[in-house]
Protein chains: 2
Amino acid sequence: MPPSPLDNFDLAILAILQRDNRTPQRLIGEAVNLSAPAVQRRIKRMEQTGVIASNVAIVEQAAVGQPITIFVEVELESERTELIDAAKRQFSETPEVQQCYYVTGEADFILIITVADMGAYEALTRKLFFDSNNVRKFRTFVAMDRVKVGLTVPLPG
Amino acid sequence: MPPSPLDNFDLAILAILQRDNRTPQRLIGEAVNLSAPAVQRRIKRMEQTGVIASNVAIVEQAAVGQPITIFVEVELESERTELIDAAKRQFSETPEVQQCYYVTGEADFILIITVADMGAYEALTRKLFFDSNNVRKFRTFVAMDRVKVGLTVPLPG
DNA sequence: TGACCAAATGCAAGTTTGTTTCGCGGAACA
DNA sequence: TGTTCCGCGAAACAAACTTGCATTTGGTCA
């Protein structure tokens with residue numbers, strides 16, 4: 001069964017939910033010219049097929065005492081599959097690692113880290129990088145301005 | 001007016017909403033030992049004070065034809081304030097630029113870009129970097145695996 | 001210590017929103 | 001032309017959210 005394609009109604013609904021997923025279905029319906037139940041069915045289907053991965057509240061990190069965002073490019077010593085997987089697992093399990101990508105190019109991983117202060121970051125580098133004997137080197141970038149943040153995907157239409 | 005501090009109830013509520021912001025307030029109340037209206041009032045307050053920045057649906061980018069994620073480190077020619085601001089503005093306005101950070105270190109900006117294919121990325125580089133006469137150089141990393149993605153903030157407690 | 005005030009709570013009623021059911025109509029197909 | 005299959009809208013229904021109010025809690029000051 002091919003994942004049922006999305007039509008323009010679905011895309012229009014997604015565009016709204018991506019901005020505010022608590023918009024009442026009635027209003028969504030008015031915006032896209034559909035009845036509320038029709039909107040509801042489409043949302044449900046997109047949730048079940050994984051088009052909508054989740055519904056979450058975005059927390060302002062400064063308000064919960066984690067104002068600092070840091071990027072790290074990590075380069076490993078060995079790229080043996082099992083070591084890569086071990087690294088993925090460790091990064092995934094670390095709460096301060098907000099995002100982790102395995103990439104091509106001059107680095108192997110790119111991490112986005114959220115911490116309270118530089119001391120916390122320093123402690124984290126020890127745990128994640130120095131205590132690992134598979135990290136060749138890492139480069140740190142400290143965010144001065146989170147110019148644009150989100151997981152919004154550009155939608156056709 | 002100092003931003004009213006968050007107590008353990010608030011943090012517990014945030015932890016839940018960060019995972020699923022459509023959890024019924026009744027269930028949140030049971031989880032944190034509070035009545036539903038109390039939960040509702042706390043959520044409302046955190047929304048008004050900006051602790052909760054927004055409520056959004058997370059869209060699976062592959063499902064909407066944008067399967068490729070790319071990192072770019074951008075280094076500018078000049079760091080004059082007004083040129084920095086112009087760059088911030090342009091990156092912010094570009095839908096394919098999902099995230100943009102102004103950073104310290106060997107680069108000035110780090111971008112996370114979402115595109116349909118490498119052709120789209122190539123076109124975007126032309127528009128964003130080559131057509132700009134203030135970009136000294138940029139380095140590209142293509143994500144092979146989005147190991148961990150989200151905007152979840154680690155919460156104390 | 002004791003009285004007062006502010007803030008937050010729980011309960012219950014009222015309102016909005018979300019969900020299911022049902023019958024209808026159009027498109028694809030034989 | 002008749003049949004089947006989907007998806008729609010209207011209405012009924014269920015669930016969640018919201019508000020008002022009396023009460024409790026915690027802290028301050030005489």
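The analysis underlying the following values was restricted to heavy atoms, covering all of them including side chains, and did not include hydrogens, waters or symmetry mates. For clarity, every value in this text was computed on a predicted model and none was experimentally measured. Just so it is clear: chains get the letters A, B, ... in the order the sequence lines come, proteins before strands, and each one is counted from 1.
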Subject >> Proximal nucleotide (of D:dC8, D:dT19, C:dT20) relative to the A:Lys44 side chain >> reply: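 Of D:dC8, D:dT19, C:dT20, C:dT20 is nearest to the side chain of A:Lys44.
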**OP:** Would you mind telling me which of D:dA16, C:dT20, C:dA8 lies closest to the side-chain atoms of B:Pro24?
**Re:**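 Out of D:dA16, C:dT20, C:dA8, the nucleotide with an atom closest to B:Pro24's side chain is D:dA16.
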Original post:
With under 30° as parallel and over 60° as perpendicular, where do the rings of A:Phe71 and B:Tyr101 fit, or are they tilted in between?
Top reply: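 Rings of A:Phe71 and B:Tyr101: perpendicular, over 60°.
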**OP:** On the 0 to 90° scale, with breaks at 30° and 60°, tag the B:Phe91-B:Phe129 ring pair as parallel, tilted or perpendicular.
**Re:**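 The rings of B:Phe91 and B:Phe129 stand perpendicular, inter-plane angle above 60°.
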Value in whole Å for how far the [atom2] atom of [N] lies from [atom1] of [X]:
{"X": "B:Leu27", "N": "D:dA15", "atom1": "CG", "atom2": "P", "value": "12 Å"}
{"X": "B:Phe9", "N": "C:dA7", "atom1": "CZ", "atom2": "P", "value": "19 Å"}
{"X": "B:Gln25", "N": "D:dT19", "atom1": "CD", "atom2": "P", "value": "11 Å"}
{"X": "A:Ile43", "N": "C:dT19", "atom1": "CD1", "atom2": "P", "value": "8 Å"}
{"X": "B:Asn21", "N": "D:dA16", "atom1": "CG", "atom2": "C1'", "value": "14 Å"}
{"X": "B:Arg41", "N": "D:dT25", "atom1": "CZ", "atom2": "C1'", "value": "14 Å"}
{"X": "B:Leu34", "N": "C:dT9", "atom1": "CG", "atom2": "P", "value": "5 Å"}
{"X": "B:Gln40", "N": "C:dA12", "atom1": "CD", "atom2": "P", "value": "18 Å"}

Subject >> Euclidean distance, A:Leu17 CG relative to A:Arg42 CZ, rounded to 0.5 Å >> reply: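 Output value for this atom pair is 12.5 Å.
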Looking at every strand, decide which applies to [X] at a 4.0 Å heavy-atom threshold: base, sugar-phosphate, or nothing.
{"X": "B:Arg42", "result": "sugar-phosphate"}
{"X": "A:Arg26", "result": "sugar-phosphate"}
{"X": "B:Pro37", "result": "base"}

Original post:
Can any side-chain N or O of B:Thr114 pair as donor or acceptor with the backbone N or O of B:Gln66 at less than 3.5 Å?
Top reply: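 No; zero donor-acceptor contacts below 3.5 Å.
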Original post:
Please walk me through it: do A:Phe138 and A:Leu111 pass side chain to side chain contact (heavy atoms under 4.5 Å, CB included)?
Top reply: CA-CA 10 Å; A:Phe138 64 96; A:Leu111 308 181; over 6 Å; no
Subject >> Any donor-acceptor N/O pair under 3.5 Å between D:dG7 base and A:Arg45 side chain >> reply: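 Not at all, since no donor on one side and acceptor on the other fall under 3.5 Å apart.
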Original post:
Within the modelled atom types, does a donor on one side and an acceptor on the other bring the side chain of B:Arg22 and the base of C:dG18 under 3.5 Å apart?
Top reply: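 Donor-acceptor pair under 3.5 Å: no.
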